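Every value quoted in this text rests on a predicted model; they were computed, and no experiment measured them. In what follows, residues are counted from 1 in the order of the sequence shown.
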Amino acid sequence: MIECETTRVRLKAVGVEKSSAGCTSFRLRLSKLRGFALLATGIVFIAATFGPATQARSGEADIPHYVNDPSWPKPFPNHWVIGQIGGLAVDSHDHIWVLQRALPYSVDDQGMKHELALADRMPSVLEFDTEGNILRSWGGQGFVPDWPQSEHALWVDTAGNVWIGGNAPGDRQVLKFTADGRQLLEIGHPTHAPRDNADTSMLGEPAGIEVDDAAHEIYIADGYLNNRIVVHDSDTGKFKRGWGAYGIPLREIANPPEPTGDAASAVGHYVREGPDYVPGEPLEKQFRTPVHCVHLSAKGYVFVCDRRNDRIQVFNKQGKFLKEFLVHRETQGNGSVWALNFSRYPQQKYLLVADGISQRIWVLRRKDGVEVSSFGAGYLHSAHEGGLDSSGNYYIGDVGGDEGREGGAGNGKSIQKFVLQNRHP
């Protein structure tokens, strides 16, 4: 017997506990020493190929395996240094779009910093090809009147329009641009008005975006101030519907008083709001800020990152709660579910969940949330926003910054690429 695994999965949606058992037996008859040597060589080859990037925990042959591409991206022009990554998305042409928070300096070949005027800083919106070259760049503070103070959330729809949000105090809007940076639409508006999850005229520091092109709808994970999902018309910006955790209506979402003084977030300085999750406590009935991502599966289910509650909640498009997955519930503070993407092969079988605390990507089965592997340990610091190209390669943006990382965690890169090793037809 080589491997035998039993997994228990709790499906909160139906209030039952299912058991799924998988047990595979192999009988190895090694009658010749030569056969044993060949087997050992094969094992060494596999270990060398996959290296430390992927750690599998299951016998499923199609689990995605990744290795880091140290050549991606290519060196930046103008001695630019990329800042924190607030958003990342891959478009239908396999171009990787990145939303970064521009640093006020460049670094020359000798490692010396040089302060930059606002107009000379690295643009906030960057378009890369799969080889790591910058194809186009634009945006940043002052680019349009309501550009967010702290860039957060990025999506590129099938028409090539670029959507962005922001998560600083006062960032209560999502902006829509053409691919070359001409503004088309604004949903919400900047304001310091009090939090109100029932108010559909503005947003609440939106953290995640996805556009349903066929339905002409934009889903917004809203966000760092509010704690809800809202859906708007992607052509007109008109509000259509919204909900909170477990599908509760907007009027039932709590609106606690906003922090003040040192307990309040500021531009460039995020402070967690409200009590942290404590392992062992009952499941929280509300989303805990930030509601960090929202994504639609190929079958039209809505997956939501409830980051600080260490869970993923799944809904239909009308907001009916279907089920939830608990992800490393021992994680406290900023939580375990920072970003979520669907694997390409086969049929979005797996979820890739970025965990900025454990500094790796968890690979879960999409149907039941069972963890089957992980990758990225040793490369990542605060994994924040991710995306996949059509070949299944994974791109991840970090908010750990390129300097001052605690304990030297990660490899110091704010954006990087992990190449899928086992492709499927």
Side-chain angles (χ1 to χ4, degrees), residues 83-87 101 148-153 165-172 192-197 203-208 220-229 244-246 253-294 304-313 324 326-340 353-360 362 380-386 397-401 404-407 409-410:
Q84 293 182 333
I85 306 305
R101 299 164 184 163
Q149 297 183 74
S150 177
E151 295 86 352
H152 202 302
N167 71 326
D171 287 339
R172 312 289 288 276
H192 289 278
R195 176 203 335 261
D196 185 355
N197 277 281
L203 302 174
E205 302 171 18
I220 302 172
D222 190 37
Y224 274 76
L225 180 67
N226 290 335
N227 51 327
R228 62 184 184 175
I229 298 297
Y246 297 103
I253 301 175
N255 295 291
E258 296 167 40
T260 58
D262 293 340
S265 294
V267 177
H269 179 61
Y270 166 63
V271 180
R272 296 192 304 274
E273 182 179 329
D276 285 334
Y277 157 77
V278 176
E281 72 180 13
L283 294 174
E284 174 62 51
K285 297 302 182 183
Q286 308 249 356
F287 290 135
R288 202 183 301 258
T289 58
V291 185
H292 207 253
C293 84
V294 58
V304 176
C305 298
D306 190 3
R307 192 175 90 178
R308 288 175 58 216
N309 277 325
D310 298 340
R311 66 187 178 189
I312 299 163
Q313 291 203 333
E324 65 184 2
L326 307 182
V327 182
H328 284 269
R329 286 282 282 177
E330 74 279 5
T331 309
Q332 297 178 263
N334 281 318
S336 62
V337 184
W338 292 46
L340 178 154
V353 179
D355 184 340
I357 298 298
S358 295
Q359 301 173 339
R360 67 195 65 205
W362 306 114
L380 306 175
H381 184 266
S382 300
H384 192 237
E385 300 285 344
D398 207 293
V399 288
R405 298 182 176 211
E406 296 180 5

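Atom CG of N226 is separated from atom CG of N197 by 4.0 Å, given to the nearest 0.5 angstrom. To the nearest 0.5 Å, the span separating OG1 on T331 from CG on N309 amounts to 12.0 Å. Here OG of S358 is found 11.0 Å from CG of L380. Values are rounded to the nearest 0.5 Å. Separation of atoms CG (L283) and OH (Y246) is listed at 4.5 Å; rounding is to 0.5 Å. Separation of atoms CZ (R307) and CZ (F287) is listed at 14.5 Å; rounding is to 0.5 Å.
For the pair D398 (side chain) and G400 (backbone), a donor-acceptor distance under 3.5 Å is present. Remark: the backbone N or O of L225 is paired with a side-chain donor or acceptor of R195 at under 3.5 angstrom. A donor-acceptor contact shorter than 3.5 Å is absent between the side chain of H292 and the backbone of C305. Distance alone, capped at 3.5 Å, is enough to place a donor-acceptor pair between the D306 side chain and the R288 backbone. Panel note: side chain R101, backbone E151; a donor-acceptor pair is recorded below 3.5 Å.
Scanning both residues, A207 and A153, for their nearest heavy atoms gives O-CB, 3.4 Å. Closest heavy-atom contact between R311 and Q286: NH2-O, 3.2 Å. The minimum heavy-atom distance linking G165 with P148 is given by the pair O-CG, 3.4 Å. Of all heavy-atom pairs between S265 and P169, the closest is O-CG, 3.3 Å. The minimum heavy-atom distance between G335 and I357, with the atom names listed, is O-CG1, 3.2 Å. Across all their heavy atoms, V291 and N227 have their closest contact at CG2-CA, 3.5 Å.
Relative ring orientation between H328 and W362 is described as parallel, the plane-to-plane angle staying below 30° on a 0-90° scale split at 30° and 60°.
When I85, D355, N334, V399 are each tested for a side-chain contact (heavy atoms from CB on, under 4.5 Å) with S382, only one passes: V399. Evaluated for a side-chain contact (heavy atoms from CB on, under 4.5 Å) with Y224, the options R272, E273, E205 yield exactly one hit, E205.
Inspection of the S150 and N167 side chains reveals an N or O donor paired with an N or O acceptor under 3.5 Å.
Between D310 and R329 there is no salt bridge, since no side-chain N of the basic residue sits under 4.0 Å from a carboxylate O of the acidic one.
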Worked check of side-chain contact (heavy atoms from CB on, under 4.5 Å) between D276 and R308 = CA-CA 7 Å; D276 285 334; R308 288 175 58 216; 2.7 Å; yes
Stepwise side-chain contact (heavy atoms from CB on, under 4.5 Å) check, H384 with H152 = CA-CA 10 Å; H384 192 237; H152 202 302; 3.1 Å; yes
